[in-house]
Visitor: 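Submitted below is the structure of interest, expressed as structure tokens.
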2 protein chains.
Amino acid sequence: MATIKEVAKHAGVSVATVSRVLNEIGYVHEDTRKKVEAAIRELNYTPNEVARSLYKRKSRLIGLLLPDITNPFFPELARGVEDEMHKHDFRIIIGNSDENTNKEKEYIQTFIQNNVVGVIASTNYPDTDTYRKLDIPVVFLDRTADNRPSVYSDGREGGRMAAHEIVTRGSRQITIIQGPKHIRPAQDRYQGAIDVLRDQGIAYNVVQTSSYSFTEAGNWAQELFEQFPDTDGVIASNDIVATAVLHEALRLGKKVPDDVQIIGFDDIPLSSLLTPSLTTIRQPAYDMGSTAAGLLIRLIDNQNPDQKTIQMPVTFTERDTTRKV
Amino acid sequence: MATIKEVAKHAGVSVATVSRVLNEIGYVHEDTRKKVEAAIRELNYTPNEVARSLYKRKSRLIGLLLPDITNPFFPELARGVEDEMHKHDFRIIIGNSDENTNKEKEYIQTFIQNNVVGVIASTNYPDTDTYRKLDIPVVFLDRTADNRPSVYSDGREGGRMAAHEIVTRGSRQITIIQGPKHIRPAQDRYQGAIDVLRDQGIAYNVVQTSSYSFTEAGNWAQELFEQFPDTDGVIASNDIVATAVLHEALRLGKKVPDDVQIIGFDDIPLSSLLTPSLTTIRQPAYDMGSTAAGLLIRLIDNQNPDQKTIQMPVTFTERDTTRKV
DNA sequence: TTGTAAGCGTTATCAG
DNA sequence: CTGATAACGCTTACAA
């Protein structure tokens, strides 16, 4: 790789001049600019970002911390972030936390060590020194903390919606899948659902799960129908377990939605391709990602954005695992 | 962030000494080591990777270039890579190419500018200056080029398998979904399938698609049954379109697998949760990722690995969209 | 309009 | 065993 020094020599100017044309800053004569540009082309020079970053104490990198990119909700988020960042010439260092505080800290650490200019994080522990001590902007994505920049959707409201719709459509023996205790959005949804079920005096049971993994989802679905065979409505904590529940219900010979209605959460890409297709509470994942990126960029540029916590709409997406009303 | 200089002052030694304890290199007296370690702890110092990287001309970063992380096959690959790299203290810069040469070049460029020590890429154009000119190791993942380090599975063989199995199970009016022209693995699968169909003199039709997108998959599925209503067997180019085909077949009132058999490709996590669950040609995605990472690490460490191109097994994964034999 | 040189935070060489 | 110091490739005062 050519360096700025070589370009300078090649063009017969000083490194400062090269730097000037590179950064389009200060005055430089048209002729010398031409020479420099030629040299750059000939040597196929591209500036060393590391050196730049060292001097400026900031890079063009941002850190993206996600729970697990293997869960189809997160790739959507990630693409939203990446595409928006890419437009602004920022690149992404990515890390999967597995919802584990240590991994989280570790990644945040590497982000810092690499001079990232900002981080976007889906964490259950935003109110922690790991983030509070950071002196670069952080945007929480799919999670919130009071008064900290964040982009999320209202899980509680989503839970309410789910319960409301499933009740409206006639379920009376509802089983709620609670989702992992330490995952905030899962608990919000759960609370929301309970809010309305209690309110309306509708019976419900709860199945507690401990992860979002595809492989375990099947087991919980089985457990659900073993423990609560009379279930005529399931509010799942996300589309993965909803899919597993649907699969299990069908396997047991139940008619969906006639015998059991199912509502998922997220609207991951596959949900509409299931048969019957999955009714779900949709989160606009890709948009959330790009919105978060946009917010972070504004924060980085020090334009104090008018809104620091952005709540995205959650929408009831009616498909075929619920009855028509 | 504290710097090595501050640590040195705090500990009453020179930066050189601090550097020595940091890197566990050269001699340093037990007592001074203790002092330095204390200072490090007190100041909460962690070395600036950027400065390190500048001096050494290499970072602890590797570049990962994937077509589209939104396609559920790739997150598996990515996790495999990340987990293995993480064990060896390498971190990942990620980029989605959308199978587009320009984006690809752009990302490779940023990787270089950030001093990555190696690249893992899923590209359809490995035999291109973009990669040949790189003076850091590159491992191709899910793709190959002659004699270049790569981890992939035999798409052609997979295609053969799919055709063989669907024929064995009785399909005689087969429609092959060819998959995007510019995506190598898709074409390999297609060729493999054709190999055996021609060989056995079995009739087949072809539907050509131009992407792997979830949203378009539905259209192709429709097109398929409109153009070739007699189809009694579908070999899809991957599980996404297989899912769409299954969905459409069911929508049309066809019995699967009795009227139509369907075989997909990849075995993405959702495939086993479909109803009926999807028969597919499995690629061990996660393992491919971690294997590629392992190979790259050996290349980086200059241990000439015995095998530079590693072919992973493809396996017929019998589920419920094909008949029992 | 251009060049010189200091400095970003490390590591490694070379004296001591 | 330890400390100065040059060097990594770049940006930016400051001088010229």
Side-chain angles (χ1 to χ4, degrees), chain A residues 1-37 39-40 43-61 89 109-117 135-136, chain B residues 1-37 39-40 43-61 89 109-117 135-136:
Chain A
M1 287 294 299
T3 72
I4 198 175
K5 213 184 243 169
E6 307 181 75
V7 174
K9 193 186 317 175
H10 198 88
V13 299
S14 76
V15 295
T17 303
V18 178
S19 180
R20 278 185 204 104
V21 346
L22 239 33
N23 299 289
E24 298 174 327
I25 215 169
Y27 301 94
V28 30
H29 191 91
E30 195 47 32
D31 295 350
T32 75
R33 148 168 291 116
K34 288 254 156 55
K35 275 192 300 182
V36 171
E37 279 165 351
I40 289 178
L43 297 181
N44 206 281
Y45 168 77
T46 97
N48 179 327
E49 279 300 325
V50 174
R52 263 192 183 162
S53 169
L54 178 59
Y55 183 86
K56 302 199 155 188
R57 277 107 140 258
K58 52 162 99 168
S59 65
R60 296 298 294 179
L61 260 19
D89 277 319
Q109 170 106 307
T110 3
F111 291 165
I112 298 304
Q113 294 183 318
N114 285 285
N115 273 177
V116 302
V117 276
D135 37 31
I136 51 173
Chain B
M1 285 291 301
T3 72
I4 199 174
K5 216 183 239 171
E6 307 180 75
V7 174
K9 196 187 310 176
H10 199 87
V13 299
S14 75
V15 294
T17 302
V18 177
S19 179
R20 278 185 206 104
V21 346
L22 239 35
N23 299 289
E24 299 174 325
I25 216 170
Y27 301 96
V28 32
H29 192 90
E30 196 48 33
D31 295 350
T32 74
R33 148 167 290 116
K34 289 251 155 55
K35 276 192 298 184
V36 171
E37 280 164 352
I40 288 177
L43 297 182
N44 207 283
Y45 167 77
T46 93
N48 179 325
E49 279 299 327
V50 175
R52 266 192 181 164
S53 169
L54 178 59
Y55 184 86
K56 302 193 146 192
R57 278 108 141 260
K58 53 162 96 169
S59 67
R60 296 297 293 178
L61 258 21
D89 278 318
Q109 172 105 307
T110 4
F111 292 165
I112 298 304
Q113 292 183 319
N114 284 284
N115 275 176
V116 304
V117 277
D135 38 33
I136 52 173

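Naming: A, B, ... by sequence-line order, numbering from 1 per chain.
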Visitor: Whole Å only: how far is the CG atom of B:L22 from the C1' atom of C:dA12?
Guide: 14 Å
Visitor: Rounded to the nearest Å, what distance is computed from the CZ atom of residue A:R52 to the C1' atom of nucleotide D:dT12?
Guide: 13 Å
Visitor: Give, for atom OG of A:S53 and atom CG of B:N115, the distance between the pair rounded to the nearest 0.5 Å.
Guide: 10.5 Å
Visitor: C:dT13 P sits how many Å from B:I25 CD1, rounded?
Guide: 9 Å
Visitor: OP1 or OP2 of C:dG3 sitting under 4.0 Å from any side-chain N/O of A:T17?
Guide: yes
Visitor: Roughly how many Å is it from CD in A:E24 to P in D:dT12, rounded to a whole number?
Guide: 13 Å
Visitor: Does the salt bridge (charged side-chain N to carboxylate O under 4.0 Å, His left out) test come out yes or no for B:R52 and B:E49, once each step is laid out?
Guide: CA-CA 5 Å; B:R52 266 192 181 164; B:E49 279 299 327; 3.2 Å; yes
Visitor: Picking from B:K35, B:K34, B:R33, what satisfies salt bridge (charged side-chain N to carboxylate O under 4.0 Å, His left out) with B:E37?
Guide: B:R33
Visitor: What contact category does A:T32 fall into here, base, sugar-phosphate, or nothing, at under 4.0 angstrom with non-hydrogen atoms?
Guide: sugar-phosphate
Visitor: Once you round it to whole Å, what is the distance between P of D:dC10 and CD of A:E49?
Guide: 10 Å
Visitor: Could you state the interatomic distance from NE2 (B:H10) to CG (B:L43), rounded to the nearest 0.5 Å?
Guide: 5.0 Å
Visitor: Going by heavy atoms closer than 4.0 Å, what residues in residues 3-16 of chain A are next to DNA chain D?
Guide: A:T3, A:I4, A:A16
Visitor: Within the modelled atom types, does a donor on one side and an acceptor on the other bring the side chain of A:R57 and the base of C:dG7 under 3.5 Å apart?
Guide: no
Visitor: Looking only at non-hydrogen atoms, find the nearest pair between B:I4 and B:V15 and report the distance.
Guide: CD1-O, 3.8 Å
Visitor: Of all the nucleotides listed (D:dT12, C:dT11, C:dT2), which has the minimum atom distance to the side chain of A:V28?
Guide: C:dT2
Visitor: Check the distance between D:dT11's C1' and B:L54's CG and give it to me in whole angstrom.
Guide: 13 Å
Visitor: Which pair of non-hydrogen atoms, one from A:V28 and one from A:T17, has the smallest distance, and what is that distance?
Guide: CG2-CG2, 4.5 Å
Visitor: Can you check the A:N48 CG to D:dT11 P distance for me, whole Å?
Guide: 9 Å
Visitor: Pick the nucleotide of DNA chain D nearest each of B:Y55 and B:R20; which residue has the one closer to the 5' end?
Guide: B:R20
Visitor: For a quick check under 3.5 Å, do B:N114 and B:T110 share a side-chain donor-acceptor pair by atom type?
Guide: no
Visitor: Give the rounded distance in Å between these two atoms: CG of A:N115 and P of C:dG9.
Guide: 9 Å
